[in-house]
Amino acid sequence: MKYLHVLLIALILSNLCSSVNAAQPTKPNIIFILADDAGIGDFSAYGCKYGKTPNIDRLASEGMRFTSAYSGNAVCAPSRCSLMTGLHPGHAAVRANAMASSDNYQALPAGQATVAQVLHDAGYATGGFGKWGLGNVGEISVPEKVGFDVFFGYYDQGKAHNYFPDSLLRNSVEVPLHQSGKNTWDDYSATRIATETISFIEQNKDRPFFCYAAWTLPHKNYVIPNNAPYGGESWTQTTKNYAAMVGLVDKDVGRVMQKLKELHLDDNTLVIFASDNGANKEFITPLGSTGGYRGFKRMLYEGGIRTPFIARWPSKIAPSTTSDVLTTFIDFLPTASAVAGTAAPKGIDGISILPTLLGQPQTEKHEQLYFEIYEPIFQQSLRMGNWKGYRKGTADPLELYDLKTDPKEETNLAAQHPGTVKQIEDAMAKAHTPSPHYDTPAHGGKRKGKNAAGDTGASLQDLIGDVK
């Protein structure tokens, strides 16, 4: 009898523990999908004029669309650095695709905290897929040494221009890719990378995961196995291919979302979609890829740094909502940390926008957003409320724009508001920390070295001219 009594108590306690464990919510999954060189005007949720992106539109209709969001920078590597580290370009280690005086690039330094490491330490499976650009094979900052369990794709961003490679990398090990020689969908690296992304989600369906889908489309080279539905357009071949590459990004977003539904992970997964910088100049006239904003990739006018930014989380984010909160890639690390229930590293520049996502008051806000870039020339910009300051050298005259009334930055108001100019100049000086790897010219913004004009082959005037 005594034995049965003890057994009964044990069974009750066991069932109670099971019930408590079953009631414990699983930490939310986090997926960040990053398009490469797509402009805000390439997506129909933001008014695309040439095509539709129905899957990304669905993210917006089922989640929150941000209208004042910025990338990390106006070119690939420094933008990704800010995304991974939560540091703005005046503090980050990587501030250009290449250093000032050579063809070498600056990678992440040893000991640099990343969002992948923070989430990995919080118990997340961490996977990256696509383009890394922050450290090559053999260096301390390869993805698998900074928090990723697995990274599949390109480590060297220059090699990512080849969409039909003989191999890709998985954790620094070459993975041979059979090429048929016919440039089919099976040969296309973007297809393989998206498939690996989905496989990671499947493999980690029973534990919380962070998936960094840093896909390579629609970055040059502009090639794709089939450019439907744009093949009949009167555009150049490059433009047709680019438009189709944007369309493929949308289709792959749809593949990811369908997989989440199949695995019943939909409600417990935060999905964010953005682009790493503005579109290239050649797609402004035929496609309106920069959404009517001034400037384009490599420029710190709005067209170079405004990004589509959409967040979907059915159990938490109200559908069909918009937010005009000022945010940039530096906010992802602290936001992801808050979602995971862990602390963000100290000393970063980002703030958590989780309150905004949850429909709560955003009590902590950015008083300013600072950017600097070193290619094709040195530039600085700073947004403070509706004011935007821009200049090409640390001592050059500041251009001042009121983005509330002049979002296209057409009217320079510096002469009318000297006090605001001084305030922004002082803020720029405080935000910029000198780096031994990059030079900051006082006038004209012209850098030293081979990489001063970037990798486009265009002249400085062509790149920095008054393009609207």
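Position 1 is the first residue of the sequence; numbering continues from there.
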Is it true that K205 and E202 have a side-chain N and a carboxylate O under 4.0 angstrom from each other? no
Set of side-chain contact (heavy atoms from CB on, under 4.5 Å) partners for A336, sequence neighbours left out: I30, V115, L119, F332
Walk me through whether W235 and Y242 qualify under ring pair (Phe, Tyr, Trp, His ring centres under 6.0 Å). CA-CA 11 Å; W235 310 329; Y242 174 86; 9.7 Å; no
Looking at Y124 versus F210, is the centre-to-centre ring distance below 6.0 Å? no
Please give me the minimum heavy-atom distance between M245 and P218, naming the atom from each residue. CB-CB, 3.7 Å
Using ring centroids (six-membered ring only for Trp), state whether F283 and Y222 fall under 6.0 Å. yes
Ignoring hydrogens, what is the shortest heavy-atom contact between S323 and T356? Give both atom names and the distance. OG-CG2, 3.4 Å
Taking 4.0 angstrom as the limit, do E233 and K240 come out as a salt bridge? no
Kindly say whether the aromatic ring centers of F152 and F200 come within a distance under 6.0 Å. no
Is it the case that over 12 heavy atoms from other parts of the model lie below 6.0 angstrom from the CD atom of E174? no
T328 versus F371: any side-chain heavy-atom pair under 4.5 Å? yes
Between G123 and R207, what is the shortest heavy-atom contact and its length? O-NH2, 3.3 Å
Ring-plane angle category for F66 and F309, please: parallel below 30°, perpendicular beyond 60°, tilted otherwise. perpendicular
For D156, which residues count as a side-chain contact (heavy atoms from CB on, under 4.5 Å) partner, sequence neighbours excluded? N136, K159
Could you give me the CA-CA distance, side-chain angles and deciding distance for D37 and K220, then say whether salt bridge (charged side-chain N to carboxylate O under 4.0 Å, His left out) is met? CA-CA 9 Å; D37 279 16; K220 74 171 189 180; over 6 Å; no
Which is it for N277 and C76 under the side chain to side chain contact (heavy atoms under 4.5 Å, CB included) test, yes or no, and what are the steps along the way? CA-CA 7 Å; N277 47 249; C76 301; 4.1 Å; yes
N/O donor-acceptor pairs under 3.5 Å from side chains in residues 341-351, not counting sequence neighbours:
from : atom 1 : to  : atom 2 : distance (Å)
D349 : OD1    : H91 : ND1    : 3.0
D349 : OD2    : H88 : N      : 2.9
D349 : OD2    : H91 : ND1    : 3.0

Sort out for me which residue in T191, T216, D187, N183 forms a side chain to side chain contact (heavy atoms under 4.5 Å, CB included) with Y163. T216
Non-hydrogen side-chain atoms of P165 and L177 separated by less than 4.5 Å: yes
State, to 0.1 Å, how close N221 and H161 come at their nearest heavy-atom pair, and which atoms those are. ND2-O, 3.2 Å
Is the F164 to Y188 ring centre distance short of 6.0 Å? yes
Report yes if some heavy atom in the side chain of R383 is under 4.5 Å from a heavy atom in the side chain of Y70; otherwise report no. yes
On a heavy-atom basis, which atom in L333 and which in M84 lie closest, and how many Å separate them? CD1-O, 3.4 Å
Would you mind checking if R312 and D266 are paired as a salt bridge, meaning a charged N to carboxylate O distance below 4.0 Å? yes
Please report the closest heavy-atom contact between S189 and Y154, naming both atoms and the distance. OG-OH, 2.8 Å
With F273, the side chain to side chain contact (heavy atoms under 4.5 Å, CB included) member among L34, I31, V249, V256: V249
